[in-house]
Structure formats: structure tokens, C-alpha cells
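Worksheet: one structure, shown below.
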Amino acid sequence: MPELPEVEEVRREILPAMEGARFERVELRRRNLRRPFPRDFAARLTGRTVRALRRRGKYLVAELSSDESLLMHLGMSGWFRVEREGSAAPEPADAHDHVVFHMSSGAAVVFNDPRRFGAMDLVAPGKLARHRALGAMGPEPLDPAFDGAALARACAGKRTSLKAALLDQRVVAGLGNIYAAEALHLAGLSPRRRASTIATPSGQPKESAHRLARAIKEVLRRAISRSSKPASRGSRFRVYDREGDRCTTGRCKGTVRRFVQAGRSTFYCPDCQQ
DNA sequence: ATTGAGACCTGTCGGC
DNA sequence: TGCCGACAGGTCTCAA
């Protein structure tokens, strides 16, 4: 499930257990997730300290005292949980607990991922920029450098749909199927539109590009701040998974529709998303 | 080069 | 109740 806000939530959750702590023991319960673990994975972590734990798009990046970087991706169903070592009642191991980091902080950081679309990789010093995913990744949406102009530049000339463009991590980092739909709804833009329509032929931003960039920041910020509060009742989403519901904007009387686009469900309000 | 379809996995849910 | 297909928040590869 994780998109940028959920990955950020996970980062904050495991930060106290990992940052500044040493890997005392690394348990690998499988040889692979989506791909095989890198060679000597456990050995290259053991004894190293986590200098910093950052997030880039949907990746978690742990900077190690060896100057290597540990990349972690949650895929569709991946999650971490933190357990205190030696606690009176250890949580039962789950069949999908694939990796356990035993940290010098006294915590065990457990990676659980039923579908195993997640991935872990170790990247040599200085090679992050050339990593296949990170190297080509677009701007961080919450960074001030990401704005309507940047978005328009990335979408200029693209013949694909606006929705598909937002899912392309090279255009902007961290959006997935939910928040792409949410941002388009907040911006009042149809997911069916051609991506190039938010830019002039020379790549300058139209008003819609500014609106969309602002909407992206807004839905992500709200999702991140909501994750630190108690769960609220009802759907957290404006359109996602709300087929048949009344559009919530109040600006129209539309009904949320679902259709399949690029193989994924898209939810939108045909009334107020043009 | 871009673009869409299919593949990779397991779990859950709704309908019969 | 049980079975079966559709679907799930993400990439990655491949062929047009």
C-alpha cells in the first residue's frame, strides 16, 4: 500500500530504533524478495552504524558507516515494525517476516511483506546517483523546487494521460495510484487528459500545472499529518475507492466513477474534473 | 524513445 | 460453508 506518505510514516516509526544504532545481527529468512538480496547482505550490514535514515520517493535510504547505502522499498504490501528485544511477550513471528535487523538500540526492526514486491539493495559509495531507480527519479514533491514549472517541464510533449504521468516516478517522486487520483481531483483535472495539456508547446506551465503541483503537495502533506493522529472514521480519501459516492467538493453534483487506466483503477468525478 | 500489457506474489472480499 | 474470480496502495520487462 505504501506511497510517499506511508513510507514517510514508516521512516519516522523506525528512526529512533535505527539512526545512530549499529546492526548487531541481521536475520534473512529468505534469499530474495522481488529480487535476490545483494551478495553478503547480512555481513555487509553487521557492525555498521546507521548515520542517517532518509526517504527518497518511495525508497528508504539508510546511510551506513561503511559509506554504503541500504535501499529499502516496500512494494505493495511491505511494512516495518519495531519490537523491543527481550520483551516479556515477544510478538509471534509471522510467515511473512522476511528480514530482522537486530539493532544496538535494543530494538528489532522487522520487515514484513506478504506479496514480496518489496526490495532491498546495497549501493556502493557515490553510486546512488547512478542507481537504476534513484538516478532517474523526479523531484521530491514536497521540496520547494517542485512547482508548476517543474511539473510542466516534465509533462511537456508527453502523449500519455495525466494520471499515467503522475505515476511515472521520473516525473515526480512518490505518488502512487491513490494520491495521483486524489491530487487530480483536488486540482479539478481529468485523469484522462493528455499530460502535455498542462504545458505550452515550449514547456511553459499553464495555470493547470500550478494548480496540480499545489494539489500534489496538499494531498501529501495532509496524508502525512493525518498519519500521526488517531485513525478517523470513514474514508480518508476524496475519490479513491469511492465509486458511486457523491463528489465531496461541494462544487458539483457529480458521482465518483471508476475506470481502468494503464491497468489500474482510476477514480474521478466526471463533473468537476476536466 | 515512449507506451501499454503482462508478470511477479499472496491475501481478501463478494457473489454464487 | 466453500469455491472462484476479481482485485489490491508498485515496479520491471518486453514488444510494438
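Naming: A, B, ... by sequence-line order, numbering from 1 per chain.
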(message) As an exercise, state the distance from CZ of A:R211 to CG of A:L184, rounded to the nearest 0.5 Å.
(response) 10.5 Å

(message) Rounded to whole Å, how long is the line connecting atom CH2 of A:W79 with atom C1' of C:dA8?
(response) 15 Å

(message) Using a 6.0 Å cut-off, check whether atom CZ of A:R51 has over 12 heavy atoms from anything other than its own residue.
(response) yes

(request) Taking only the side-chain nitrogens and oxygens of A:K58, find out if one of them lies under 4.0 Å from OP1 or OP2 of C:dT11. (result) yes

(request) Determine: side-chain N/O of A:Q169 to OP1/OP2 of C:dT11, distance under 4.0 Å, yes or no. (result) yes

(request) Please tell me which of the listed nucleotides, C:dC12, B:dT3, C:dG9, lies nearest to the side chain of A:I178? (result) C:dG9

(request) Might you confirm whether atom NZ of A:K206 has over 12 heavy atoms from other residues, nucleotides or ligands at distances under 6.0 Å? (result) yes

(request) Ignoring the backbone of A:Y240, work out which of C:dC12, C:dA8, C:dG10 is nearest its side chain. (result) C:dA8

(message) If I take atom CG in residue A:L167 and atom P in nucleotide C:dC12, what distance separates them, rounded to the nearest angstrom?
(response) 14 Å

(request) Please report, rounded to the nearest Å, how far the C1' atom of C:dG9 is from the CD atom of A:E182. (result) 11 Å

(message) Expressed as a whole number of angstroms, how long is the span from A:R226:CZ to C:dG9:C1'?
(response) 12 Å

(message) Rounding to an integer number of Å, can you tell me how far A:M120 CE sits from C:dT11 C1'?
(response) 16 Å

(message) As a test of reading the structure: which of B:dT3, C:dG10, C:dC12 is closest to the side chain of A:R132, going by heavy atoms?
(response) C:dC12

(message) Taking only the C1' atom of each, what is the distance from C:dT11 to B:dT12 in whole angstrom?
(response) 22 Å

(request) Using the C1' atoms only, state how far B:dT3 lies from C:dG9, rounded to an integer number of Å. (result) 23 Å

(request) Tell me, yes or no, whether the heavy-atom count around A:R29 atom CZ, taken from other residues, nucleotides or ligands under 6.0 Å, exceeds 12. (result) yes

(request) Taking atom P in both C:dC14 and B:dC9, compute the distance separating them and give it to the nearest angstrom. (result) 15 Å

(message) Between A:R264 and C:dG9, is there a contact of a side-chain N or O with OP1 or OP2 at under 4.0 Å?
(response) yes

(message) In this structure, how many angstroms lie between the P atom of C:dC7 and the CZ atom of A:F267, rounded?
(response) 10 Å

(request) Give the ring-plane orientation class for A:F101 versus A:F80, where under 30° counts as parallel, over 60° as perpendicular and anything between as tilted. (result) parallel

(request) Looking only at side-chain atoms of A:T160, point me to the closest of C:dC12, B:dG4, C:dG9. (result) B:dG4

(request) Classify every nucleotide of nucleotides 5-11 of chain B by which part a protein heavy atom approaches to under 4.0 Å, writing B for the base, S for the sugar-phosphate alone and - for neither, in 5'-to-3' order. (result) ---BBBS

(message) Measure CG/A:L71 against C1'/C:dT11 and give the value in whole Å, please.
(response) 14 Å

(message) I need the A:L186 CG to A:I216 CD1 distance, nearest 0.5 Å.
(response) 10.0 Å

(message) Which helical stems does DNA chain C take part in, if a stem means at least 3 consecutive Watson-Crick or G-U pairs with both distances below 3.5 Å?
(response) B:2-8 with C:10-16, B:10-16 with C:2-8

(message) Can you measure A:L60 atom CG to C:dG10 atom P for me and round it to whole angstrom units?
(response) 15 Å

(message) With a cut-off of less than 4.0 Å, is there a side-chain N or O of A:K158 near OP1 or OP2 of B:dT3?
(response) yes

(request) Measure the NE2-CZ distance between A:H73 and A:R34 for me, rounded to the nearest 0.5 Å. (result) 6.5 Å

(message) Are A:F259 and A:Y268 an aromatic pair, judged by ring center distance below 6.0 Å?
(response) yes

(message) Counting only side-chain nitrogens and oxygens, does A:S77 get under 4.0 Å of the OP1 or OP2 atom of C:dA8?
(response) no

(request) Side chain of A:S265 only, please: which of C:dC7, C:dT13, C:dG10 is the nearest? (result) C:dC7

(message) Distance check, rounded to the nearest 0.5 Å: A:R55 atom CZ versus A:E9 atom CD?
(response) 12.5 Å

(message) Are the side chains of A:V99 and A:V110 in contact, using a 4.5 Å heavy-atom criterion?
(response) no

(message) Let me confirm one number: the CD-NE2 distance from A:E207 to A:H210, rounded to the nearest 0.5 Å.
(response) 7.5 Å

